[in-house]
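Every chain is numbered from 1 and lettered A, B, ... according to where its sequence line falls, protein lines coming before strand lines.
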Amino acid sequence: MPEYPEIHSRAREMKLALVTRSFTNIEVVQPRCLNLPKTRFIHELVGAKVLDVGHKGKWLMVETTKGWLLLNLGMGGELLLVTRATLPKKYRLLFDLDDGSCFAVNFWWFGYAHYVATGELDRHEMTARLGPNALPITVEDLGRMISGRRGGVKSFLIDQSNIAGIGNAYVHDILFLARLHPLRTLDTLSTEDVTRLAEAIHKGLQPSADKGGAFYEVNIHGQGGGFTGDDILIGYKEGKDCPNCGTKIEKIKTGGTSSFICPQCQKLS
DNA sequence: CGGGCTGTTGACTC
DNA sequence: AGAGTCAACAGCCC
């Protein structure tokens with residue numbers, strides 16, 4: 001599940017590998033992930049030269065001379081820099097580059113590859129309504145966003161229109177670091193809680209971003225990330241000891257998703 | 001073999 | 001506003 005640390009790392013790798021390269025040919029295996037008919041998508045981007053690669057939350061933003069290529073990997077996928085001789089078994093899109101290499105894009109069916117014309121980014125609703133990127137967020141930003149709201153803190157954090165980049169993998173450790181129960185409501189948070197939450201967002205994402213993302217995701221060269229199971233504090237560690245107090249970590253249902261908490265460190269009231 | 005679970009997002013409902 | 005459910009149908013686990 002690629003979230004901020006993985007997407008941030010992929011964007012950095014793609015920037016190094018793709019800037020100044022041109023797409024000489026594009027193959028679309030799964031047209032349903034596009035926002036345009038296949039032939040038009042290909043027409044718009046063939047011949048485009050990559051100018052820059054960045055990201056907004058979980059969306060990769062590839063800026064080219066002919067417009068934007070926007071990628072969302074959904075629940076998982078691989079972005080691989082390969083050659084025609086080393087193609088992966090599965091890919092949904094393939095971009096041949098002018099140096100003979102290929103950029104292969106694979107994801108589960110609910111990923112997206114969208115084309116947006118230069119200057120029209122604000123008309124792309126799925127990215128236009130994203131909140132600010134999670135990592136650079138400040139205590140002041142967060143306080144402003146939370147004030148006057150009443151929903152649960154977990155649903156707030158993973159709602160991309162509030163903050164972009166946090167998903168249901170990193171949110172467990174973020175809430176643990178903030179000592180907040182996922183179902184705590186925003187109107188019950190003290191100034192100290194908000195301060196700790198802002199710090200926790202940073203502490204929960206930065207180490208993984210620095211290590212190239214989680215071990216279960218691969219970079220564009222096919223190598224796993226350096227953020228290992230040992231680096232994860234409590235997420236997906238049901239039954240293990242809380243690193244803070246030793247209490248057994250619990251898995252609980254929080255609305256539509258599961259959460260991992262230390263029942264001692266993250267009390268609801 | 002098959003059912004249950006998971007992750008993302010938008011649409012939709014209450 | 002916010003919470004819940006569903007649908008888009010892959011892969012893993014038991």
Side-chain angles (χ1 to χ4, degrees), chain A residues 1-8 10 28-35 38 55-61 70-80 88-93 104-114 116 123-131 133-134 144-175 181-189 204-205 208 213-218 224-225 227 229 232 234-239 249-261 268:
Chain A
M1 318 114 248
E3 297 179 21
Y4 194 98
E6 289 76 35
I7 300 303
H8 185 74
R10 292 306 86 78
V28 177
V29 181
Q30 175 52 284
R32 292 175 72 178
C33 64
L34 308 179
N35 62 335
K38 174 177 161 176
H55 74 112
K56 279 178 90 173
K58 304 170 189 175
W59 282 84
L60 282 158
M61 319 283 286
L70 310 182
L71 297 170
N72 182 300
L73 297 184
M75 304 210 285
E78 307 86 46
L79 301 168
L80 296 168
K89 285 194 193 82
K90 280 198 164 183
Y91 56 86
R92 309 246 177 180
L93 295 113
V105 177
N106 186 41
F107 41 65
W108 295 8
W109 69 268
F110 30 76
Y112 305 99
H114 287 181
V116 177
R123 290 176 55 186
H124 185 255
E125 289 197 18
M126 291 173 81
T127 53
R129 73 165 150 238
L130 294 173
N133 270 343
R144 223 174 296 122
M145 283 188 263
I146 285 177
S147 90
R149 303 190 48 161
R150 307 191 330 258
V153 64
K154 179 181 178 182
S155 40
F156 171 83
L157 288 173
I158 62 177
D159 182 340
Q160 303 302 296
S161 64
N162 298 135
I163 300 172
I166 302 172
N168 201 43
Y170 286 92
V171 73
H172 310 300
D173 278 7
I174 289 173
L175 287 168
H181 189 285
L183 296 179
R184 270 286 292 278
T185 54
L186 298 174
D187 56 329
T188 68
L189 299 187
L205 300 175
S208 183
F215 65 94
Y216 50 78
E217 300 282 342
V218 298
F227 192 76
I232 298 170
I234 67 158
Y236 307 96
K237 295 195 168 180
E238 186 181 11
I249 294 160
E250 292 178 2
K251 179 180 182 179
I252 60 169
K253 278 282 167 198
T254 45
T257 60
S258 295
S259 294
F260 295 84
I261 60 160
L268 190 48

Task: Euclidean distance, A:I158 CD1 relative to A:T257 OG1, rounded to 0.5 Å - done: 5.0 Å
Task: For atom NZ of A:K56 and atom P of B:dT9, their distance in whole Å - done: 13 Å
Open item on the list: Please report the interatomic distance NZ(A:K251) to NE2(A:H172), rounded to the nearest 0.5 Å.
Closed with: 9.0 Å
TODO: Verify side chain to side chain contact (heavy atoms under 4.5 Å, CB included) between A:V153 and A:H181, making sure each step is shown before the conclusion.
DONE: CA-CA 8 Å; A:V153 64; A:H181 189 285; over 6 Å; no
Task: Protein-nucleotide distance (A:F110, atom CZ; C:dC9, atom C1'), rounded to Å - done: 8 Å
- [ ] Answer yes or no: does a side-chain N or O of A:T257 lie under 4.0 Å from OP1 or OP2 of B:dT6?
- [x] no
Open item on the list: It should be established whether A:K90 places a side-chain nitrogen or oxygen under 4.0 Å from OP1 or OP2 of nucleotide C:dG11.
Closed with: yes
Open item on the list: With side chain to side chain contact (heavy atoms under 4.5 Å, CB included) as the test, pick out the partner of A:V105 among A:L60, A:V28, A:L79.
Closed with: A:L79
- [ ] Would you mind classifying the nucleic acid contact of A:Y236 as base, sugar-phosphate or nothing, using non-hydrogen atoms under 4.0 angstrom?
- [x] sugar-phosphate
TODO: Measure the spacing between CG of A:N106 and OH of A:Y91 and express it to the nearest 0.5 Å.
DONE: 10.5 Å
Open item on the list: Nearest 0.5 Å, please: how far is CG in A:L175 from CG in A:L183?
Closed with: 9.5 Å
Task: Separation of atom OH in A:Y216 from atom P in B:dT6, rounded to whole Å - done: 14 Å
Task: side chain to side chain contact (heavy atoms under 4.5 Å, CB included) partner of A:S259, chosen from A:E250, A:K253, A:K154 - done: A:K154
Task: Atom-to-atom span, NZ of A:K253 to P of C:dT5 - whole angstrom - done: 10 Å
Task: Distance in Å, A:Y112 OH paired with A:T127 OG1, rounded so as to fall on 0.5 Å steps - done: 12.5 Å
- [ ] Send over the distance from A:L73 CG to B:dT6 C1', rounded to a whole Å.
- [x] 16 Å
Open item on the list: For Watson-Crick and G-U wobble pairs within 3.5 Å on both distances, what is DNA chain B written in dot-bracket notation, | included for inter-strand pairing?
Closed with: .|||||.|||||||
TODO: Quickly work out the A:L71 CG to B:dT8 C1' distance and round it to whole Å.
DONE: 15 Å
Open item on the list: Nearest whole Å is fine: how far is C:dG2 C1' from A:R184 CZ?
Closed with: 18 Å
Polar atom pairs between nucleotides 10-13 of chain B and protein, under 3.5 Å, N or O only, would you list them?
residue	atom	partner	partner atom	Å
B:dG10	OP1	A:R129	NH2	3.4

Task: Between P of C:dA8 and CG of A:L34, the distance in whole Å - done: 19 Å
Task: Parallel, tilted or perpendicular, as decided by the 30° and 60° cut-offs, for the rings of A:F227 and A:Y170 - done: tilted
TODO: For A:G256, report the nucleic acid contact type (base, sugar-phosphate, nothing); a contact means any heavy atom under 4.0 Å.
DONE: nothing
Open item on the list: Please classify the nucleic acid contact of A:G167 as base, sugar-phosphate, or nothing, using heavy-atom distances under 4.0 Å.
Closed with: sugar-phosphate
Open item on the list: Could you measure the distance from the CG atom of A:L205 to the CD atom of A:E6? Nearest 0.5 Å is fine.
Closed with: 9.5 Å
TODO: Can you tell me, in whole Å, how much space there is between the P of B:dC1 and that of C:dC9?
DONE: 22 Å
- [ ] Just say parallel, tilted or perpendicular for the rings of A:H124 and A:H114, cut-offs at 30° and 60°.
- [x] perpendicular
Task: Any A:N72 side-chain N or O less than 4.0 Å from OP1/OP2 of B:dT9 - done: yes
TODO: Could you list by number each residue of residues 145-164 of chain A showing a heavy-atom separation from DNA chain C of less than 4.0 Å, or answer none if no residue does?
DONE: A:R149, A:R150, A:G151, A:G152, A:S155
Task: Single hit among A:D187, A:L189, A:L186, A:T185 for side chain to side chain contact (heavy atoms under 4.5 Å, CB included) with A:R149 - done: A:L186
